[in-house]
**Q** 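Structure provided below as structure tokens; questions to follow.
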2 protein chains.
Amino acid sequence: MHQIFIMSVKIKALLKTAPEGQQLTVQGWVRTFRANRFIALNDGSTLGNLQCVVEFEDFDEALLKDVSTGAALKITGRYVKSQGKGQAAEIQVEDLLIHGTADPESYPIQPKKHSFEFLREKAHLRVRTATFSAVMRVRAALSFGVHKFFREEGFHYVNTPIITGSDAEGAGEMFRVSALDAKNPPLDENGNVDVTQDFFGKETHLTVSGQLEAETYAMGLGEVYTFGPTFRAENSNTTRHLAEFWMIEPEMAFFDLNDNMDLAEKFIKSVLSYALDNCQEDLAFLDERYAQEENSKPKLERSEMGLLEKIQFIVDNDFKRVNYTEAIDILRNSKPNKKKKFKYIIEEWGADLQSEHERYLVEKHFKTPVILFDYPAKIKAFYMRMNDDGKTVRAMDILFPGIGEMVGGSQREERLDVLQERIKAMGIEEEELWWYLDLRKFGSAPHSGFGLGFERLVLFATGMGNIRDVIPFPRTPQNASF
Amino acid sequence: MHQIFIMSVKIKALLKTAPEGQQLTVQGWVRTFRANRFIALNDGSTLGNLQCVVEFEDFDEALLKDVSTGAALKITGRYVKSQGKGQAAEIQVEDLLIHGTADPESYPIQPKKHSFEFLREKAHLRVRTATFSAVMRVRAALSFGVHKFFREEGFHYVNTPIITGSDAEGAGEMFRVSALDAKNPPLDENGNVDVTQDFFGKETHLTVSGQLEAETYAMGLGEVYTFGPTFRAENSNTTRHLAEFWMIEPEMAFFDLNDNMDLAEKFIKSVLSYALDNCQEDLAFLDERYAQEENSKPKLERSEMGLLEKIQFIVDNDFKRVNYTEAIDILRNSKPNKKKKFKYIIEEWGADLQSEHERYLVEKHFKTPVILFDYPAKIKAFYMRMNDDGKTVRAMDILFPGIGEMVGGSQREERLDVLQERIKAMGIEEEELWWYLDLRKFGSAPHSGFGLGFERLVLFATGMGNIRDVIPFPRTPQNASF
């Protein structure tokens with residue numbers, strides 16, 4: 001065949017182009033090959049496959065034998081109106097090159113339904129399936145939506161440290177980071193590990209939150225946000241927890257709690273809208289998958305809304321703002337509390353809310369996302385601003401249907417003396433926080449911020465059931481493969 | 001005073017607004033307070049300060065005493081044409097609230113020149129200076145420029161794991177991550193640390209690169225990139241090395257080395273253009289700072305171009321592409337080589353290039369960014385594609401004036417047998433890489449990628465001299481403060 005140089009084109013762009021017999025080249029992987037004639041080719045740019053039609057009489061039989069699910073191809077041909085049903089256009093294949101085969105006997109990703117458990121073992125290949133490619137494209141779009149929103153709002157992106165010498169954040173168990181010999185670490189005169197000989201000259205851990213460092217930047221740049229990995233060494237084997245996950249933490253000088261709630265609501269709506277606008281095909285596919293999944297559940301457990309409906313509902317409706325005291329009243333008087341259906345019965349003000357209570361408020365009582373605020377001080381972190389009542393703090397949590405806590409935030413305590421008292425009361429060593437206290441000594445001002453676990457947002461937006469399936473390579477207890 | 005509710009406005013927006021006597025509120029920090037009358041207020045939204053004029057006769061003396069550098073203020077007043085020189089508009093202060101004072105005796109950031117060494121000790125406050133706020137705003141803009149470029153090119157953002165169970169990347173010393181007791185770790189029957197009892201059931205480290213995992217995603221989604229933290233436990237106390245830094249790693253299926261070079265060049269130009277377009281004020285300020293810094297150097301060591309000139313030069317000019325063999329010839333015949341001015345004299349083909357050689361090529365010989373390619377296999381990593389000559393690989397490095405290596409990339413070896421041979425020759429355990437080899441067993445195809453250390457780009461774009469000054473909280477040997 002007379003070969004001229006042709007740039008290869010992306011299937012996403014091609015499927016939006018009118019077929020006029022133009023000659024072009026596409027490259028991708030075989031999803032299916034039917035009747036020794038119809039190749040469904042996918043290149044990852046979009047969910048849709050491109051039909052490539054082979055006149056098998058014109059090709060070497062041995063060559064076509066190697067065209068099987070998973071094989072990588074370069075195809076040149078004419079882009080024409082499709083003869084068949086199911087697609088508007090197709091490629092009439094003139095030239096076919098096999099970059100790499102995929103032996104059907106050993107290639108694990110075959111055109112059939114694989115369990116998500118099985119695919120987790122093949123995390124290096126699972127993005128070649130329709131479901132995971134859709135999830136990961138939506139994840140990427142949501143990420144961009146995050147950066148776009150904050151940039152347009154005038155926020156500055158800040159990279160807070162991953163390795164931290166500060167362990168005062170108190171948000172759970174931390175991983176140690178060390179370059180010392182694990183078996184025979186140097187010891188000091190008291191027989192303890194001599195951390196002064198470690199790489200950083202002190203004990204270091206993986207960060208559980210960039211908030212405190214982000215506050216230092218907010219108090220200079222005004223409005224900032226982080227978007228980076230955070231870690232928990234907690235032995236939680238649930239569908240909602242990861243040992244390594246990505247967190248978004250905006251921090252704003254001169255914002256009070258109301259400003260903070262306004263921002264968080266606007267932010268979530270903006271990012272979900274971005275996904276709705278930019279991932280129509282992937283979300284329609286995931287909506288369908290979600291509907292099938294829900295249909296396989298007992299009727300009572302099924303979601304009342306479809307995936308797209310749920311997302312649209314969030315975008316279109318005001319979040320209900322309820323203070324903790326009201327919420328406790330509602331819960332105390334609720335049917336499941338009175339009938340002792342809750343695992344943890346709400347008896348009095350001050351109780352910490354469990355996931356069952358949050359879900360009741362969101363899914364049964366208000367039937368909309370809820371922002372709970374003004375929590376009892378004793379169940380919240382030291383840095384949250386004390387209210388004048390002396391017992392509640394300016395905390396807020398945003399609760400989502402099916403997910404529970406999506407956002408946790410607060411107005412920060414800006415008064416040095418009050419903060420010092422709280423640090424003392426909580427038994428934290430003040431010296432550890434000298435730099436954090438400096439923010440209250442020099443040019444202190446009201447400020448606020450929140451944190452959003454990114455994978456929870458991806459979970460919500462994709463309708464997936466397990467957080468391990470919305471991050472490329474999940475890290476959980478006993479699992480750090482790849 | 002009759003107080004009505006007024007939203008506070010950002011100084012960046014205000015400075016673009018015509019002064020028409022409108023009443024408004026601004027909040028920020030005092031940069032200077034002159035003559036008990038002129039407050040220069042900064043809120044971090046922009047480099048520029050807003051002049052706020054206080055008629056001191058109308059205010060409490062004690063209040064004005066607390067208006068000092070670093071204090072946080074809320075000011076309400078009329079926005080009017082400025083009476084004085086140096087600014088077009090100013091605020092006539094009607095109401096002044098001090099959120100937080102900054103005692104001049106103890107507040108470290110005074111309106112005078114502080115050394116960068118001193119400010120590194122105050123990393124939680126240094127963003128309140130003009131220089132660091134400018135650097136960090138430019139850093140944030142460059143970050144956004146990265147995401148914007150790749151999103152517009154159809155790339156999908158991928159979060160590769162930070163904690164890795166794989167140590168085959170071989171890019172240097174790694175930090176260990178563990179949740180075991182440091183002093184008394186459990187031992188196995190051979191007296192070694194029993195890593196099966198650790199959190200992940202195996203030995204884990206902090207990633208040195210997301211490349212190998214990114215490749216798995218490129219082979220499904222087509223074109224992907226990472227942008228996340230990476231780590232080196234190397235004891236390098238230089239102005240160019242960090243133990244924790246952010247890396248950008250695009251990976252593209254069906255790209256050969258030429259496509260890879262084209263993309264890298266287009267990418268760098270796009271991101272720098274974004275900064276030029278969006279950080280004019282900050283870059284003009286940094287350009288001025290750079291000029292002063294250069295002027296303090298001996299004439300022979302001064303840069304021939306200003307900062308803005310350097311950036312514009314990169315944007316406007318083609319990068320020179322030179323293969324390694326040509327480069328060696330140029331270096332071997334160069335004056336500093338013949339006169340033995342190089343510390344490492346280039347004697348024969350196969351020599352690894354040192355920074356002095358790279359700088360000679362870029363700054364003296366070609367006087368433009370250079371892409372060197374087709375390096376000897378023995379000085380490059382196992383995954384780079386072998387050329388037909390059997391001794392060079394399809395590697396490429398982009399060298400920048402004043403910075404040295406900005407980008408390192410390659411076409412990846414897609415042939416299973418050749419890759420296995422290379423892995424063996426380099427003494428790497430093949431079992432560690434089973435999933436990486438799977439990519440060559442199933443639907444393998446030519447593919448390429450590169451890595452760019454983000455802080456090196458920020459260093460170049462800001463004209464700063466030390467990499468510790470372009471990341472909020474630098475991690476280096478003996479330093480993990482904050």
**Q** Identify the heavy atoms of A/Thr216 and B/Val127 that sit nearest to each other, and give their distance.
**A** O-CG1, 4.0 Å
**Q** Could you point out which residue of A/Ile163, A/Ile162, A/Thr207 forms a side-chain contact (heavy atoms from CB on, under 4.5 Å) with B/Pro229?
**A** A/Ile162
**Q** Between B/Gly201, B/Gly222, B/Ala182, B/Ala71, which has the largest tally of heavy atom pairs under 4.5 Å with chain A?
**A**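 With the most close heavy-atom pairs to chain A, the winner is B/Ala182.
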**Q** Might you point out which heavy atoms bring A/Asn192 and B/Lys183 nearest each other, and give the distance in Å?
**A** OD1-NZ, 3.3 Å
**Q** With chain A as the partner, which of B/His147, B/Lys10, B/His156, B/Arg151 has the greatest number of non-hydrogen pairs under 4.5 Å?
**A**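 Greatest number of close heavy-atom pairs with chain A: B/Arg151.
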**Q** Between B/Ser45, B/Ser106, B/Ala480, who has the most heavy-atom pairs with chain A when the cutoff is under 4.5 Å?
**A** B/Ala480
**Q** With chain A as the partner, which of B/Phe227, B/Phe150, B/Phe254 has the greatest number of non-hydrogen pairs under 4.5 Å?
**A**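 Ranked by heavy-atom pairs under 4.5 Å with chain A, first place is B/Phe254.
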**Q** Sort A/Thr160 into side chain, backbone, both or neither according to what part of it lies under 4.5 angstrom from a heavy atom of chain B.
**A**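 Backbone of A/Thr160 only, per the 4.5 Å heavy-atom cut-off to chain B.
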**Q** Between the side chain of A/Trp29 and the main-chain N/O of B/Gly220, is any donor-acceptor distance below 3.5 Å?
**A**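 Checked: no pair found.
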**Q** Taking all heavy atoms of B/Arg475 and all of A/Phe200, pick out the closest pair and write down the distance.
**A**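 Scanning both residues completely, I find the closest heavy atoms to be CB-CE2, 3.8 Å.
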**Q** Under 4.5 Å from any heavy atom of chain B, what part of A/Pro108 do you find: side chain, backbone, both or neither?
**A** side chain
**Q** Over 60° means perpendicular and under 30° means parallel, so classify the ring planes of B/Trp435 and A/Phe482, tilted if in between.
**A** perpendicular
**Q** Out of curiosity, A/Lys441 NZ to B/Asp103 CG, how far, rounded to the nearest 0.5 Å?
**A** 11.0 Å
**Q** Closer than 3.5 angstrom, by distance alone: can the side chain of B/Arg176 be matched with the main-chain N or O of A/Leu180 as a donor-acceptor pair?
**A**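 Yes, B/Arg176 side chain to A/Leu180 backbone: donor-acceptor pair under 3.5 Å.
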**Q** Could you walk me through whether B/Arg139 and A/Asn159 pass the side chain to side chain contact (heavy atoms under 4.5 Å, CB included) check?
**A** CA-CA 10 Å; B/Arg139 182 183 166 106; A/Asn159 293 122; 2.6 Å; yes
**Q** Specify which of B/Phe155, B/Phe473, B/Phe231 makes the most heavy-atom pairs with chain A at under 4.5 Å.
**A** B/Phe473
**Q** If the test is side-chain contact (heavy atoms from CB on, under 4.5 Å), which one of B/His124, B/Met136, B/Arg128 qualifies with A/Tyr217?
**A** B/Met136
**Q** For chain A, find which of B/Thr204, B/Asn42, B/Thr476, B/Leu187 contributes the most heavy-atom pairs closer than 4.5 angstrom.
**A**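 Top count of heavy-atom pairs under 4.5 Å with chain A: B/Thr476.
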**Q** Ring centroid separation for A/Phe175 and B/Phe199, is it under 6.0 angstrom?
**A** yes
**Q** So B/Phe442 and A/Ile109, side chain to side chain contact (heavy atoms under 4.5 Å, CB included) or not? Walk me through it.
**A** CA-CA 10 Å; B/Phe442 307 121; A/Ile109 312 292; over 6 Å; no
